[in-house]
Amino acid sequence: MKKIPEAVGPYSAFRIAGDFLYISGQLGINPETQNIDSDTVEGQAKQALENMKAILENNGYSMKNVVKTTVFLDKISDFVAVNNIYAGYFEEPYPTRSAFEVAKLPKGALVEIEAIAYLK
């Protein structure tokens with residue numbers, strides 16, 4: 001079983017409901033250190049997606065089961081950089097997605113990604 005970061009508040013990192021797996025927003029937290037080790041949006045996006053992948057795989061899902069994601073960005077100008085990392089984790093048919101610039105993210109993160117997966 002792959003290690004995942006601890007939730008940074010009173011919530012679950014994920015929940016299963018029927019055939020759906022709901023994944024709370026993942027920051028670029030290294031599960032070994034429980035810290036955000038990268039100061040770049042690319043590094044944080046990669047770690048957030050690795051955390052998502054670990055949660056999926058620990059529960060019998062894969063990235064192919066992701067049907068919806070939401071990307072929260074500290075700066076919308078990082079959209080292309082995050083897109084470039086994101087594209088390496090998904091393939092057609094891609095999940096549906098929304099992306100937003102937000103005022104602040106927990107722990108001073110630059111990106112946070114949440115997902116819904118469906119096991120068919």
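Basis for what follows: all heavy atoms, side chains included, without hydrogens, waters or symmetry-related copies.
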Report yes if some heavy atom in the side chain of [X] is under 4.5 Å from a heavy atom in the side chain of [Y]; otherwise report no.
X	Y	value
P5	Q34	yes
I55	Y61	no
L21	I23	yes
I36	Q44	yes
F90	P95	yes
V8	I29	yes

Grab the two heavy atoms, one from [X] and one from [Y], that are nearest each other, plus how far apart they are.
X	Y	answer
V41	L110	N-CD1, 3.6 Å
A7	A13	CB-N, 4.5 Å
G43	S38	CA-OG, 3.4 Å
I113	A45	CD1-O, 4.5 Å
A109	L27	CB-CD2, 3.6 Å

**OP:** Please assess E112 against Q26 for the test side chain to side chain contact (heavy atoms under 4.5 Å, CB included), listing each intermediate value before the final yes or no.
**Re:** CA-CA 5 Å; E112 179 177 9; Q26 295 298 301; 5.9 Å; no
Should [X] and [Y] be counted in the same cluster of Ile, Leu, Val, Met, Phe, Trp and Tyr side chains packed under 4.5 Å apart?
X	Y	result
V102	V111	no
Y22	L119	no
F14	M1	no
I85	L105	no
L56	I116	no

**OP:** Name all residues meeting the ring pair (Phe, Tyr, Trp, His ring centres under 6.0 Å) criterion together with Y118; count only those two or more places apart in sequence or in a different chain, and write none if there are none.
**Re:**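 Listed in chain order: F20.
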Which pairs would a plain distance check flag for residues 69-80, meaning a side-chain donor or acceptor within less than 3.5 Å of a matching protein atom at least two apart in sequence or in another chain?
unit_1, atom_1, unit_2, atom_2, d
T69, OG1, Y86, OH, 2.8
T70, OG1, K68, NZ, 3.4
T70, OG1, E114, OE2, 3.4

If a pair satisfies salt bridge (charged side-chain N to carboxylate O under 4.0 Å, His left out) and one of its residues is in [range], list it, with sequence neighbours excluded.
range	result
residues 84-97	K64-E91
residues 28-55	none
residues 9-29	none
residues 98-107	none

Subject >> Donor-acceptor under 3.5 Å (N65 side chain, M63 main chain) >> reply: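 Side chain of N65 to backbone of M63: no pair is present.
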Original post:
Rounded to the nearest 0.5 Å, how far apart are CG of N30 and NZ of K3?
Top reply: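 Going from the CG atom of N30 to the NZ atom of K3 covers 8.5 Å.
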